[in-house]
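Keep in mind it's a predicted model, so treat the numbers as computed, not measured. Chain naming here is simple, since letters A, B, ... match the order of the sequence lines and numbering starts at 1 in each.
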There are 2 protein chains.
Amino acid sequence: MHTETKDEMQEKILDAALKRFTHYGASKTTMNEIADDLHCSKASLYYYFPDKNAMHMAVLERIAEAYFQEMEKETQQVKSASKALNNIIEIRRIFVSKFCRLEIFKILQDGNSFFYAGMIKAKKREIEIHTEIIKAGIASGEFKVKHPAKAAELLVQSLMGLRFSVPDHFRNDADLNEEQFAQVIEKQKQLLEIFIKGMKA
Amino acid sequence: MHTETKDEMQEKILDAALKRFTHYGASKTTMNEIADDLHCSKASLYYYFPDKNAMHMAVLERIAEAYFQEMEKETQQVKSASKALNNIIEIRRIFVSKFCRLEIFKILQDGNSFFYAGMIKAKKREIEIHTEIIKAGIASGEFKVKHPAKAAELLVQSLMGLRFSVPDHFRNDADLNEEQFAQVIEKQKQLLEIFIKGMKA
DNA sequence: TTTTGACCTTGAAACTAAAAAAGTCAAAAA
DNA sequence: TTTTTGACTTTTTTAGTTTCAAGGTCAAAA
């Protein structure tokens, strides 16, 4: 490894880890495999990250950051709030289809409180983004909503819930195939449409 | 057992089974326990039901029938479609809080196709009931919807999905505590409100 | 300061034995 | 003839154990 800074090496490790994760799933990837990919020893990995979990979290935070940044770009200069909300669904669709293979929920081993806290935070941020858009919609006269934050929370939760209720499996931990995923997206768009009508009234 | 007909005895078995299920959960109930409650032998149970699974299904079908009948009563003589949809949420709330302890989803052992088919059927029936109410709402001029069946499907799936997306656990198989359950119901009512507004537009 | 081989520790499969529950049946009872 | 049952076999679950790969540590080397 001929990197200049500690940070650079951490980034390289995260790159290698993410590559493995998206190909084979995070739970099937070992520290040795990542080390081998980088032509370094496993012990080196532990010089940059305290443990496997911290590395997993770093990978997750990185992709989450890209996700939210793309979303927040959408909240800047909103021409139409309706359009912005639709775009958000599309952003989420692309994000999920890109990273679904890393089996994010298999990492959540028994009450990992860091992961849990991170998910809560992500949820909040997603709702905040929706709140901003709805507020913009109110400002432009597009929507008539009393409590934008409440409406945003409800919208996000309703859209998210469809991921579990639309597919006909009753083992809700299983992940979705292409067709099921497409159906969920379609239903999300339909719900958003009627939800928007509801916010206009 | 001094019952007159085979049917009566089957009913008694179903009564005893349901009692056990709601107290201790279906997965924790053995055929011997049910037999003991009835002061009969386990072999007798097998005279009336081919196997444990068939008995489970019979119990499920019975409570499902009561559930749907109460719902269908709501579709008769609808004064206000909005009110009817709200009442349905209340019916479901009471039903779930009454039967949540029987741990219905632990029965679904690996690909039980009968259970699966039953759930699909129940889902359809629930959507049909909502379709009827929405159609009534259209007839009375309360709603303006092009495809009542599609709207009903979307509404039911959206409401159902909240059960998974509102609680902050990410192990979505766990069942809900009192507070989480109350939050889900509250969110369902909020969503219904805005969904109704959307159908009026 | 960074890297590493050698080493230790842990946790999750893979097996196993024992226990419990499911399911069967010929004979008895009604 | 229909229903019930005790005694039985088979299947599933559970608890305990072994084993091994993967996680994690450290003193020495680069």
Side-chain angles (χ1 to χ4, degrees), chain A residues 1-17 20-21 23-60 102-103 105-112 114-115 173, chain B residues 1-17 20-21 23-60 102-103 105-112 114-115 171:
Chain A
M1 287 295 120
H2 305 91
T3 55
E4 302 302 318
T5 73
K6 208 163 172 175
D7 261 17
E8 271 177 25
M9 186 57 186
Q10 285 187 330
E11 288 302 306
K12 282 193 180 177
I13 292 170
L14 260 32
D15 282 341
R20 277 265 164 199
F21 290 178
H23 269 315
Y24 307 106
S27 61
K28 297 277 169 220
T29 299
T30 71
M31 296 299 266
N32 267 313
E33 286 171 337
I34 295 167
D36 289 349
D37 288 353
L38 291 163
H39 305 292
C40 75
S41 74
K42 180 177 59 171
S44 290
L45 267 39
Y46 284 92
Y47 180 75
Y48 292 100
F49 294 97
D51 56 27
K52 196 178 84 158
N53 212 59
M55 208 197 64
H56 276 147
M57 289 299 290
V59 171
L60 248 44
L102 64 113
E103 295 169 335
F105 286 98
K106 283 185 188 166
I107 299 169
L108 166 62
Q109 286 135 344
D110 56 271
N112 173 343
F114 288 105
F115 178 82
D173 56 316
Chain B
M1 288 294 119
H2 305 90
T3 55
E4 302 302 316
T5 73
K6 208 163 174 174
D7 261 15
E8 270 178 23
M9 185 57 186
Q10 285 187 328
E11 289 301 306
K12 283 193 179 179
I13 292 171
L14 260 30
D15 282 340
R20 277 265 164 200
F21 290 178
H23 270 314
Y24 309 105
S27 61
K28 297 279 171 218
T29 299
T30 70
M31 296 299 267
N32 265 314
E33 287 171 335
I34 296 168
D36 289 350
D37 287 353
L38 290 163
H39 305 290
C40 75
S41 74
K42 179 178 60 172
S44 289
L45 266 39
Y46 285 92
Y47 179 75
Y48 292 98
F49 294 97
D51 56 28
K52 196 177 84 156
N53 211 60
M55 209 198 61
H56 277 147
M57 290 298 292
V59 171
L60 249 44
L102 65 111
E103 295 169 333
F105 286 97
K106 284 184 186 163
I107 300 169
L108 165 62
Q109 287 135 345
D110 56 89
N112 173 343
F114 287 105
F115 179 82
R171 323 178 92 13

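If you take CG of A:D36 and C1' of C:dG5, they are 14 Å apart, rounded to a whole angstrom. Rounded to whole Å, atom P of D:dG24 lies 13 Å from atom CZ of A:F49. If you take CE of B:M9 and P of D:dT2, they are 17 Å apart, rounded to a whole angstrom. Spacing between atom NZ of B:K28 and atom P of D:dT14 amounts to 6 Å, rounded to whole angstrom units. The CG atom of B:D51 sits 14 Å away from the C1' atom of D:dT12 (whole-angstrom rounding). For the pair A:K52 NZ and D:dA21 P, the computed distance is 16 Å after rounding to whole Å. Taking atom CG of A:N53 as the reference point, atom P of C:dG11 lies 13 Å away to the nearest angstrom. Following rounding to the nearest Å, A:L45 (CG) and D:dT25 (C1') show an atom-to-atom distance of 14 Å.
The residue A:S41 sits close to a base: some heavy atom pair falls under 4.0 Å. Note on A:S44: a base of the nucleic acid sits closer than 4.0 angstrom, heavy atoms only.
When each of C:dG23, C:dT4, D:dG6 is scored by its nearest atom to the side-chain atoms of A:A43, the top-ranked nucleotide is C:dT4. Looking at the side chain of A:M31, the nearest of the listed nucleotides C:dT4, C:dT3, D:dG23 is D:dG23. Ranking D:dG24, D:dT2, C:dT24 by closeness to the B:Y47 side chain, first place goes to D:dT2. With C:dT2, D:dG23, C:dG23 as the candidates, the nucleotide lying closest to the side chain of B:K42 is C:dG23. Checked against C:dT4, C:dA22, D:dG24, the side chain of B:Y46 finds its nearest nucleotide in C:dA22. Of the listed nucleotides (C:dG23, D:dT5, D:dT4), D:dT5 has the atom at the smallest distance from the side chain of B:C40.
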Please evaluate residues A:H56 and A:F21 with respect to the criterion ring-ring contact (aromatic ring centres under 6.0 Å, His included), reporting the C-alpha separation (whole Å), side-chain torsions for both, the decisive distance (0.1 Å), and the verdict.
CA-CA 10 Å; A:H56 276 147; A:F21 290 178; 5.1 Å; yes
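Across A:A35 and A:L45, no two heavy atoms sit closer than the pair N-CD2, 3.9 Å. Nearest heavy atoms, A:I34 versus A:I13: CG2-O, 4.5 Å.
When Watson-Crick and G-U wobble pairs are counted only if both distances are under 3.5 Å, D:dA30 pairs with C:dT1.
Rounding to the nearest 0.5 Å places CG of A:D36 at 7.5 Å from OG1 of A:T30. Here the straight-line distance linking atom CE of A:M9 with atom CG of A:L14 works out to 11.0 Å at 0.5 Å rounding.
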